Amino acid sequence: MKLQQIVQKLNAELQIAAFGPDPAFSRFIPAVYDQVNFEWKAAFEEEFSKLFNGLMIKGAPETNRVFLAVFPTDYVLEQFIAQSSAGDLLFMHHPLLMECGDPQGKWGEGFVPIKEVYIKQMKEKQLSCYTCHIPLDYHPSLGTSMAIANQLNAKVVDGILPSSVNNQDLILICRIENLNSTDLIERLKRIFDLPYVDFEGQTLEDISKIAIVAGCGDKVQWMQEAEKKGVQAYISGEIHCHIDNEYGRERYNQIKEYASETSMSLIGVSHSSSEYLVKKTLVKDWFKENLGVEAVLIPQEKWWL
């Protein structure tokens, strides 16, 4: 299939232009790449360098397969380069690796650039790369948080932080079948293929109302808003920031203080796994049904990074 057709279909489905410059990566891509003196504007597509979503690297005009991942870790990029053929497309959620840290291990570095060697190898092999951040988070049916709600058989009843573009909420408030904190954690570990979750707050016997926000949900204000709406369990990729710098430690301490007084269970399932789920359960099928293109999953080597 023509790469141009795939890109046009993705751009329309995800409303790339309507969302405008990505609020996070319009700041972090220049900051991270300028720091290592990499000419990112020359390496990436012109439109991507304005919106920080969409086609990032353009390869051969004919695409046979699409590969799906979340973060551009070394492992993910090596797998893509090794398994792909000229023209194949890598569709990720992030254009930068985000080392958020391990709650039971090493803390992370924060945003890390794609190594120049991998960008060079993708270009030499005529491979393409497409990323989509905020527009995917807010998508009404392919949203990162919506994928989690689907797997929990949760019914969306309310929300927080609506988008001005499509009026969809970033944080979903849902009703679920009644269960306790321990059972909810075990269910989440199975869904996300995790050895453990990050947990704070209260261990509860009766949970029927939850908040879901994929990615970084480690914001006290968001948690407070959810608690005001009667939420008993707050589920996110990150409930704690484990980035090893002053910013990360400040955020960590803020959540620690809030967790000591909240009535909710706070459960983190890792940033990357929380956003990979949509690729695994919804986006893969979307490519097959809408474009007739085979989609290949590249799970991360380790979810807590």
Side-chain angles (χ1 to χ4, degrees), residues 24-25 28-29 32-33 35-36 38 40 43-44 55-57 59 63-133 136 144 147 189-198 214-216 237-238 241-244 248 268-284 287 294-305:
F25 290 113
F28 290 122
I29 284 181
V32 167
Y33 281 110
Q35 190 173 10
V36 295
F38 179 72
W40 57 275
F44 303 149
L55 186 65
M56 182 178 178
I57 297 173
T63 300
N64 294 312
R65 292 185 297 171
V66 174
F67 291 74
L68 305 176
V70 180
F71 292 174
T73 68
D74 290 355
Y75 173 84
V76 165
L77 295 173
E78 286 166 4
Q79 291 297 307
F80 171 55
I81 292 165
Q83 296 178 35
S84 59
S85 302
D88 285 349
L89 173 72
L90 175 62
F91 178 23
M92 297 184 291
H93 193 48
H94 277 212
L96 295 170
L97 166 61
M98 186 178 183
E99 288 191 2
C100 305
D102 185 339
Q104 294 189 21
K106 184 181 177 183
W107 282 39
E109 294 183 24
F111 284 108
V112 179
I114 297 174
K115 291 176 182 175
E116 189 173 352
V117 63
Y118 296 125
I119 295 173
K120 182 180 179 182
Q121 288 174 0
M122 284 190 280
K123 286 177 175 287
E124 287 175 346
K125 200 169 179 179
Q126 297 187 70
L127 303 175
S128 297
C129 180
Y130 187 107
T131 74
C132 181
H133 185 231
L136 186 62
T144 50
K189 284 164 60 179
R190 289 193 299 271
I191 289 170
F192 293 102
D193 192 24
L194 291 170
Y196 48 84
V197 299
D198 199 6
C216 283
E238 305 290 338
C241 182
H242 292 97
I243 295 174
D244 192 14
V269 298
S270 99
H271 193 134
S272 52
S273 72
S274 74
E275 295 175 340
Y276 178 74
L277 187 68
V278 70
K279 301 292 183 73
K280 178 181 177 181
T281 62
L282 298 176
V283 174
K284 186 174 187 290
F287 273 101
E294 178 190 0
V296 180
L297 294 166
I298 308 181
Q300 209 160 283
E301 66 273 28
K302 183 175 182 285
W303 293 121
W304 288 111
L305 284 177

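In what follows, every heavy atom counts, from backbone to side chain, and hydrogens, waters and symmetry copies are set aside. Computed from a predicted model, the values in this text were never measured in an experiment.
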Participant: I'd like to check Lys279 versus Leu136 (side-chain heavy atoms, cut-off strictly below 4.5 Å). Are they in contact?
Facilitator: yes
Participant: Count the heavy atoms of every other residue, nucleotide or ligand shown that sit under 6.0 Å from NZ of Lys115, and state whether that count exceeds 12.
Facilitator: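 Incorrect, the count does not exceed 12.
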Participant: Does a sphere of radius 6.0 Å around NZ in Lys189 hold more than 12 heavy atoms from other residues, nucleotides or ligands, not counting ones at 6.0 Å or beyond?
Facilitator: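 Enclosed: over 12 neighbouring heavy atoms sit under 6.0 Å from NZ of Lys189.
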Participant: Do the side chains of Phe71 and Met98 get nearer than 4.5 Å, heavy atoms only?
Facilitator: yes
Participant: Grab the two heavy atoms, one from Asp88 and one from Asn64, that are nearest each other, plus how far apart they are.
Facilitator: OD1-N, 3.4 Å
Participant: Drop me the distance from Phe287's CZ to Leu282's CG, to the nearest 0.5 angstrom.
Facilitator: 12.5 Å
Participant: Below 4.5 Å, heavy atoms only, C-beta onward: do Tyr33 and Leu96 meet side chain to side chain?
Facilitator: yes
Participant: If I compare all heavy atoms of Phe111 with all of Val32, which pair ends up nearest, and what's the gap?
Facilitator: CB-CG2, 3.8 Å
Participant: Could you check Val76 against Phe67 for side chain to side chain contact (heavy atoms under 4.5 Å, CB included), going step by step and ending with a plain yes or no?
Facilitator: CA-CA 10 Å; Val76 165; Phe67 291 74; over 6 Å; no
Participant: Please give me the minimum heavy-atom distance between Ser128 and Gly59, naming the atom from each residue.
Facilitator: OG-N, 2.7 Å
Participant: Does Glu238 reach the main-chain N or O of His271 with its side chain, forming a donor-acceptor pair under 3.5 Å?
Facilitator: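 Judged by distance alone, yes, a pair lies under 3.5 Å.
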Participant: So, applying side chain to side chain donor-acceptor pair (under 3.5 Å) with Thr73, which one of Glu99, Gln79, Glu301 is it?
Facilitator: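 Checked Glu99, Gln79, Glu301 against Thr73; only one passes side chain to side chain donor-acceptor pair (under 3.5 Å): Glu301.
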Participant: Taking all heavy atoms of Val70 and all of Ser272, pick out the closest pair and write down the distance.
Facilitator: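 Minimum heavy-atom separation between Val70 and Ser272: CG2-O, 3.7 Å.
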Participant: To the nearest 0.5 Å, tell me how far Lys123 NZ sits from Cys129 SG.
Facilitator: 10.5 Å
Participant: With side chain to side chain contact (heavy atoms under 4.5 Å, CB included) as the criterion, how do Cys132 and Phe91 come out once you've worked through the C-alpha distance, each side chain's angles and the decisive distance to 0.1 Å?
Facilitator: CA-CA 8 Å; Cys132 181; Phe91 178 23; 3.8 Å; yes
Participant: Just checking Lys302: does its NZ atom have more than 12 heavy atoms from other residues, nucleotides or ligands closer to it than 6.0 angstrom?
Facilitator: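 Check passes, neighbour count above 12.
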Participant: Quick one: NZ on Lys280 to CG on Leu68, what's the gap to the nearest 0.5 Å?
Facilitator: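 Spacing of NZ (Lys280) from CG (Leu68) equals 12.5 Å.
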Participant: Are Tyr276 and Leu297 side-chain neighbours, meaning at least one heavy-atom pair lies under 4.5 Å?
Facilitator: yes
Participant: Tell me whether the count of non-hydrogen atoms from other residues, nucleotides or ligands lying under 6.0 Å of CD in Glu116 goes above 12.
Facilitator: no
Participant: To the nearest 0.5 Å, tell me how far Glu275 CD sits from His133 NE2.
Facilitator: 6.0 Å
Participant: Minimum heavy-atom separation for Ser274 to Gly215, with atom names?
Facilitator: OG-N, 2.9 Å
Participant: Kindly indicate whether the side chain of Leu127, heavy atoms from C-beta on, has any atom under 4.5 Å from the side chain of Leu90.
Facilitator: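 Not touching, per the 4.5 Å side-chain cut-off.
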Participant: So, taking the atom named CG in Leu305 and the one named NZ in Lys106, what distance separates them when rounded to the nearest 0.5 Å?
Facilitator: 10.5 Å
Participant: Check step by step if side chain to side chain contact (heavy atoms under 4.5 Å, CB included) holds for Asp198 and Trp304.
Facilitator: CA-CA 10 Å; Asp198 199 6; Trp304 288 111; 4.0 Å; yes
Participant: So Phe38 and Phe44, would you call those rings parallel, tilted or perpendicular, with 30° and 60° as cut-offs?
Facilitator: tilted
Participant: Hey, do the aromatic rings of His94 and Phe25 have their centres closer than 6.0 Å?
Facilitator: yes
Participant: Under the side chain to side chain contact (heavy atoms under 4.5 Å, CB included) criterion, do His93 and Val283 qualify, and how do the steps go?
Facilitator: CA-CA 11 Å; His93 193 48; Val283 174; over 6 Å; no
Participant: Within a strict 4.5 Å, meaning less than it, do heavy atoms of the Pro72 and Phe80 side chains meet?
Facilitator: no
Participant: Identify the two heavy atoms, one from Ile57 and one from Leu55, that lie closest to each other, and give their separation to 0.1 Å.
Facilitator: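 Scanning both residues, the minimum pair turns out to be O-CD1, 3.5 Å.
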Participant: State the CD-CG distance between Glu109 and Leu97, to the nearest 0.5 angstrom.
Facilitator: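 Glu109 atom CD to Leu97 atom CG measures 8.5 Å (nearest 0.5 Å).
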Participant: Could you tell me whether the side chain of Trp107 reaches within less than 4.5 Å of the side chain of Ile243, counting heavy atoms only?
Facilitator: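 Not touching, per the 4.5 Å side-chain cut-off.
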